[in-house]
*Asks:* 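This is the structure I want to talk about, given as structure tokens.
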Amino acid sequence: MPSRATTERINFGKIKEIIAPPNLIELQTNSYREFLQAEVPQSKRKNLGLQAVFTEVFSDRKLRRQVRSRFPLL
């Protein structure tokens, strides 16, 4: 049998934390709110996120009159 070279393990568990990790749940929640723009009146929504998708998909004025988009508050 060939002999295996032993590999030295490096333990990073004792390294001090330089900066506090971000609150990832809060970051994701804020990003989702910005994507939905549910709290923003329709006339004041920026053309980004879900609003941008609907604007692009329903860009035809005739089709836009037939379809009303409302964002449910989640």
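Below, all heavy atoms of this structure are taken into account, side chains as well, without hydrogens, waters or symmetry copies.
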*Asks:* With sequence neighbours excluded, tell me which residues meet side-chain contact (heavy atoms from CB on, under 4.5 Å) with Q28.
*Replies:*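 For Q28 there are no side-chain contact (heavy atoms from CB on, under 4.5 Å) partners, ignoring immediate neighbours.
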*Asks:* Which residues satisfy the side-chain contact (heavy atoms from CB on, under 4.5 Å) test with S31, sequence neighbours excluded?
*Replies:*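 Here no residue qualifies.
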*Asks:* Can you list everything that forms a side-chain contact (heavy atoms from CB on, under 4.5 Å) with V53? Sequence neighbours excluded, please.
*Replies:* V57
*Asks:* State which residues pass side-chain contact (heavy atoms from CB on, under 4.5 Å) with I25; sequence neighbours excluded, sorted by chain then number.
*Replies:* N23, T29
*Asks:* If we only count heavy atoms from C-beta on, is the L48 to Q37 side-chain gap below 4.5 Å?
*Replies:* yes
*Asks:* Run through the side-chain heavy atoms of Ile, Leu, Val, Met, Phe, Trp and Tyr, join any pair under 4.5 Å, and report what else lands in L24's cluster.
*Replies:* L27
*Asks:* Checking one residue: I19. Which other hydrophobic residues are in its cluster under the side-chain 4.5 Å linking rule?
*Replies:* I18
